[in-house]
Amino acid sequence: MKKILLAISIFISMVSCADKANHSNTGNNAVSDFNIDKNLEYCHNQVLRSLNEIGDTTMIARNILNGERQWNLYPMVISEWTVGFWPGILWYVYESSNDDKIKESAIHYTELLRPLTLLPAYDHDLGFQIFCSYGNAYRLTGKEEYKQIILNAADTLATLFNPTVGTILSWPREIEPNNWPHNTIMDNMINLEMLYWAAKNGGGSELYDIATKHAETTMKYHFREDGGNYHVAVYDTITGIFLKGVTHQGYADSTLWARGQAWAIYGYTVVYRETKDKKFLRFAEKVTDLYLDRLPEGENVPYWDFDAPNIPNEPKDASAAAIVASALLELSGLEDNPEKAITYKKAAINMIEELSTDKYQSREANPAFLLHSTGHWPNKSEIDASINYADYYYIEALVRYKKCPI
């Protein structure tokens, strides 16, 4: 009975944390002695170092390749899907530090992305580009101009929705070269959050419907029986029939690409939060449990693909761990199962703590937050690198953890 009462008590505390999204909690951590403030300060110092090295630029920090010591800067163009993560990082560091210098830089890099909202949709990545940047900017400043930019971006993203298929088109450019009439990638689940937000903040109700239909169709066709997903689902545009599931960045069509599974965990957590439909909670649990069961024994950071042939001599992917850690902090607070709430919270903490060791933090090696992410293994691109989206979800996880560090 005591164990049951303790579990219920912890569960209630977790749920209450989900309701305190706008309040910082600096109390002691009852689960471990992990020092949240120390690691947030580390991120703050790394960002100051980055800004000092980058200087006054209109370029976006994307990656630091293995052996390099400085950020590679990319132009702000519509095809660069990661441009929203750098300003998003700055907004989270500003939120945790209240450093006005960081805020000025966050505004600068966010407003560089404004042209992206004035063009037709290039692909699904508008959510990554705009909600990570302008979404955090509006959340922390309340500037009405930012709100309208997000609403405009949501309307643009919605133009890629195919009602016959029931999903948002991901890569228009891949239709002809790969013969993918209507392709949807797992990453697209993350872009639904912007549609849900817009539907609640002045956008049309159809944005909610599009996001939910996309999640339902993806849940039906994009996953194997065990809960693992294909990176790409291909549909016929005329009939809407699911044609095949393939990979693009995983090892093979049938393997479990780590970051793809991370996108699924994060995405379905958001969908459940917004819809309160328990089928999405149960599915979030399914894809999460598979991921946790497949982690290397005694470790919390996956190899880039759980089925890569040369494990343990395969690259790790810290970005997948950061995405999942952030998602599980939220999922644990949404859970209706006290045991799962505790399991997910502990798993998230374990991931954050491992990412915060000298094995994964960049520290003196370079001004990013994390080492050992894998971008696109099949293309031999960004292997064992520091990448901005790994840093984005790591700082997001730290900020979420500080708000609810039980």
### Task
Step by step, work out the ring pair (Phe, Tyr, Trp, His ring centres under 6.0 Å) result for Tyr392 and Phe85.
CA-CA 6 Å; Tyr392 176 86; Phe85 293 117; 5.4 Å; yes
### Query
Under the criterion side chain to side chain contact (heavy atoms under 4.5 Å, CB included), which of Glu330, Glu339, Glu285 is the partner of Tyr344?
Glu285
### Query
In terms of heavy-atom contacts, does CD of Glu53 have more than 12 from other residues, nucleotides or ligands at under 6.0 Å?
yes
### Beyond-backbone contact of Trp86 with Ser50, side-chain heavy atoms, under 4.5 angstrom
yes
### Query
In Å and rounded to the nearest 0.5 Å, what is the CG to CD distance from Leu90 to Glu95?
13.0 Å
### Message
Counting only heavy atoms from other residues, nucleotides and ligands, does the tally under 6.0 Å from NZ of Lys38 exceed 12?
### Response
no
### Message
Before you tell me yes or no, could you show the steps for Lys316 and Asp384 under salt bridge (charged side-chain N to carboxylate O under 4.0 Å, His left out), namely the whole-Å CA-CA distance, both residues' side-chain angles and the distance that decides it to 0.1 Å?
### Response
CA-CA 7 Å; Lys316 291 291 194 75; Asp384 196 24; over 6 Å; no
### Query
Quick one: are Ile265 and Ile323 in side-chain contact, heavy atoms under 4.5 Å?
no
### Query
Given Phe128, which of Tyr122, Tyr389, Trp263, Tyr134 fulfils the ring-ring contact (aromatic ring centres under 6.0 Å, His included) condition?
Trp263
### Query
What pair of heavy atoms forms the shortest contact from Pro120 to Ile78, and how long is it?
O-CD1, 3.8 Å
#### Entry: Salt bridge Arg49-Glu364, side-chain N to carboxylate O under 4.0 Å
no
### Message
I'd like to know if Arg62 pairs up with Glu382 as an ion pair, taking the criterion as any Lys NZ or Arg NE/NH1/NH2 lying under 4.0 Å from an Asp or Glu carboxylate oxygen.
### Response
yes
### Task
Calculate, to the nearest 0.5 Å, the distance between atoms NE2 and CD1 belonging to His372 and Ile387 respectively.
12.5 Å
### Query
Side chains of Gln249 and Trp377: donor-acceptor distance under 3.5 Å anywhere?
no
### Query
Nearest heavy-atom pair of Gly202 and Leu151: which atoms, and what distance?
C-CD2, 4.3 Å
### Task
Step through the shown structure and confirm whether more than 12 heavy atoms of other residues, nucleotides or ligands are within 6.0 Å of CZ on Phe280.
yes
### Query
Charged N to carboxylate O below 4.0 Å: is that the case for Arg259 and Asp187?
no
#### Entry: Donor-acceptor pair between Gln261 and Asn229 side chains, under 3.5 angstrom
yes
### Message
Rounded to the nearest 0.5 Å, what separates atom OG in Ser79 from atom CZ in Arg173?
### Response
7.5 Å
### Query
Could you go step by step and tell me if Phe306 and Tyr291 meet the ring pair (Phe, Tyr, Trp, His ring centres under 6.0 Å) rule?
CA-CA 9 Å; Phe306 286 96; Tyr291 178 98; 5.3 Å; yes
### Query
Has Lys143 got more than 12 heavy atoms of other residues, nucleotides or ligands less than 6.0 Å from its NZ?
yes
#### Entry: Listed partners of Tyr272 passing ring pair (Phe, Tyr, Trp, His ring centres under 6.0 Å), at least two apart
none
### Query
Should the pair Arg282-Asp336 be classified as a salt bridge under the 4.0 Å nitrogen-to-oxygen rule?
yes
### Query
Listed by chain and number, what are the side-chain contact (heavy atoms from CB on, under 4.5 Å) partners of Asp226, not counting sequence neighbours?
Arg224, Leu290
### Query
With distance as the sole criterion, is a donor-acceptor pair present between the side chains of Glu354 and Asn350 under 3.5 Å?
no
### Query
Looking at Leu116 and Leu126, what are the two nearest heavy atoms and their distance?
O-CD2, 4.0 Å
### Task
Start with the C-alpha distance between Phe283 and Phe223, add both sets of side-chain angles, then the distance that settles ring pair (Phe, Tyr, Trp, His ring centres under 6.0 Å), and finish with yes or no.
CA-CA 11 Å; Phe283 197 73; Phe223 291 84; 4.7 Å; yes
### Query
Taking all atoms of both residues into account, what is the closest heavy-atom pair of Val83 and Pro75, and its distance?
CG1-O, 4.2 Å
#### Entry: Residue pair Pro367 / Leu51, side-chain heavy-atom distance below 4.5 Å
no
### Polar contact flag, side-chain donor to acceptor under 3.5 angstrom, His222-Thr184
no
### Message
Regarding Asn152 and Thr117, do their side chains bring together a donor and an acceptor under 3.5 Å, going by distance alone?
### Response
no
### Task
Establish, from distance only, whether the side-chain atoms of Thr247 and Trp257 form a donor-acceptor pair under 3.5 Å.
no
### Query
Quick one: do the Glu174 and Asn183 side chains pair a donor with an acceptor below 3.5 Å?
no
### Closest non-hydrogen atom pair between Ala284 and Leu331, with its separation
CB-CD1, 4.3 Å
### Query
Is there a side-chain contact between Asn388 and Asn63 (heavy atoms, below 4.5 Å)?
no
### Message
Between Tyr303 and Glu314, is the side-chain hydrogen bond (donor to acceptor under 3.5 Å, both in side chains) condition met? List the steps.
### Response
CA-CA 6 Å; Tyr303 294 97; Glu314 294 279 356; over 6 Å; no
### Query
Is it the case that Lys200 places NZ or CZ above or below the six-membered ring of Trp197, under 6.0 angstrom from the centre and within 45 degrees of the axis?
no
### Message
Rounded at 0.5 Å granularity, tell me how far CD in Glu216 sits from OG1 in Thr275.
### Response
8.5 Å
#### Entry: Pair Tyr146 and Tyr138, ring centroids less than 6.0 Å apart
no
### Query
Are any side-chain N or O atoms of Ser373 and backbone N or O atoms of Ser319, one a donor and one an acceptor, separated by less than 3.5 Å?
yes
### Query
How close do Leu160 and His124 get, heavy atom to heavy atom, and via which atoms?
CD1-N, 3.8 Å
